[in-house]
Number of protein chains: 2
Amino acid sequence: MLLSKSCVYGVQAAIYMASLPRNEYVAIQEIARELNISFHFLTKVLQNLTQAGLMVSYRGPNGGIALARPTSSINLADIIDAIDGSDIFHECLFGLPGCGIADPCPAHENWSTMRARLHNLCHMLTLEELGKRANQLNVRLANASVPMKPATLIAAITNSSQAPIEK
Amino acid sequence: MLLSKSCVYGVQAAIYMASLPRNEYVAIQEIARELNISFHFLTKVLQNLTQAGLMVSYRGPNGGIALARPTSSINLADIIDAIDGSDIFHECLFGLPGCGIADPCPAHENWSTMRARLHNLCHMLTLEELGKRANQLNVRLANASVPMKPATLIAAITNSSQAPIEK
DNA sequence: CAAATTACAGATAACATACTCTGAAAAATG
DNA sequence: CATTTTTCAGAGTATGTTATCTGTAATTTG
């Protein structure tokens, strides 16, 4: 797989949060249940995202995690970077350490343009866009056969209040 | 990494063989030494390729493995298929089982075109082309800092005799 | 202040991938 | 026919990823 499972979980959680009508603290428990991910494992994954400054967390009742920035200013590449690192975007197809223009592998030229396209795509896909899509009917996000609860409807109301609601 | 290490080794070995002036039986020992790969491990990897019909093998002194078809009719996708399987070319970015047009994930549209491009590229890159490139100066193939022995020179003589030399 | 709820932290287990080692089977050579 | 060279086959080891479990710290609520 291109992305590690940890990374996929992180992305799914982020999209789930972006799909909510407002940016509020959501319990990891809820995300894990909704996306059918192991709670404790997801906790660890999301800690990467808070440490990277993409999310903020709050303990205690009604606590949870929330996006640290507007959905329009967080993209797929940000999340991948924070969890898997940026290797996919820069690494040689064959993993050769010094592969580059000066010392290329036989696939360098083709692969480097491919990588650039991938990086571009991941940079372009913001949580705003992905969250919108997740809210559209017939768009799935969860891992299991358990369908996501009827996507919180008022998706049209784009998140105007971006910062997490103050406690 | 996009490709498993096994897969990379298989590809490297195949390119190495394609870079030789003629398609003859080469001892796995030699390939392993030249590419700085564990001999026993490479043996297992290459068995995948012989079982998939991409290579043929011959035991005993002066034995080894050889390409089963002309370098022009084996491509990167063939090798990846044989070792890692074709998941990378078909799988959802998030690994969601039923992801498709009918039941897409939020990234399906973008990712499926990306995948198609990747598949295209791997299909286009034949061993003939990759072997040629490997023979050009300043093109590397091996894993370690040990440089490949001066690429067997007569690269211009494209392999006209395609079947492995009969024993 | 006690109880409940949450994120945080660390240990441990299960599993897959990468790698090593030992021995067998096939083929050539003298 | 014995020896050498090679692929083939399988067991075993090491390491990293994924998943589980148990406990702690922070925060709210009554």
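A, B, ... follow the sequence lines: proteins, then strands. Residue 1 opens every chain. The analysis underlying the following values was restricted to heavy atoms, covering all of them including side chains, and did not include hydrogens, waters or symmetry mates.
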Sidechain-backbone polar pair: N135(A) side chain, S19(A) backbone, donor-acceptor under 3.5 Å: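 Looks like yes, one N/O pair under 3.5 Å.
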So, is [X] near the phosphate of [N], with a side-chain N or O under 4.0 Å from OP1 or OP2?
{"X": "Y9(B)", "N": "dC19(C)", "answer": "yes"}
{"X": "K5(B)", "N": "dT17(C)", "answer": "no"}
{"X": "S38(B)", "N": "dT20(C)", "answer": "yes"}
{"X": "S57(A)", "N": "dA7(C)", "answer": "no"}
{"X": "Y58(A)", "N": "dT28(D)", "answer": "yes"}
{"X": "T50(B)", "N": "dT7(D)", "answer": "no"}

In whole Å, what is the span from the [atom1] atom of [X] to the [atom2] atom of [N]?
{"X": "R59(B)", "N": "dA27(C)", "atom1": "CZ", "atom2": "P", "result": "7 Å"}
{"X": "M1(B)", "N": "dG16(D)", "atom1": "CE", "atom2": "C1'", "result": "13 Å"}
{"X": "Q47(B)", "N": "dA18(C)", "atom1": "CD", "atom2": "P", "result": "16 Å"}
{"X": "K44(A)", "N": "dT22(D)", "atom1": "NZ", "atom2": "P", "result": "14 Å"}
{"X": "H40(A)", "N": "dA11(C)", "atom1": "NE2", "atom2": "P", "result": "16 Å"}
{"X": "I65(A)", "N": "dT27(D)", "atom1": "CD1", "atom2": "P", "result": "17 Å"}
{"X": "L42(A)", "N": "dT6(C)", "atom1": "CG", "atom2": "P", "result": "15 Å"}
{"X": "I31(A)", "N": "dA7(C)", "atom1": "CD1", "atom2": "P", "result": "8 Å"}

Out of dA7(C), dT20(C), dT7(D), whichever nucleotide has its closest atom nearest the side chain of F41(B):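 Per side-chain heavy atoms of F41(B), the pick is dT20(C).
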Approximate separation, where rounding is to 0.5 Å, of T43(B) OG1 and Y9(B) OH: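 The OG1 atom of T43(B) sits 13.0 Å away from the OH atom of Y9(B).
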Plane angle bin for F89(A) and H119(A) - parallel if under 30°, tilted between 30 and 60°, otherwise perpendicular: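 Judged by the thresholds at 30° and 60°, the geometry between H119(A) and F89(A) is parallel.
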Most 5' of L3(A) and L46(B) on DNA chain D, judged by nearest nucleotide: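 By nearest-heavy-atom nucleotide position, the 5'-most residue is L46(B).
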Ion pair D78(B)/R69(B), N-O distance below 4.0 Å: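 R69(B) and D78(B): salt-bridged.
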Member of L76(A), L67(A), N75(A) meeting the side chain to side chain contact (heavy atoms under 4.5 Å, CB included) criterion with L127(A):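 Exactly one pass, corresponding to L67(A).
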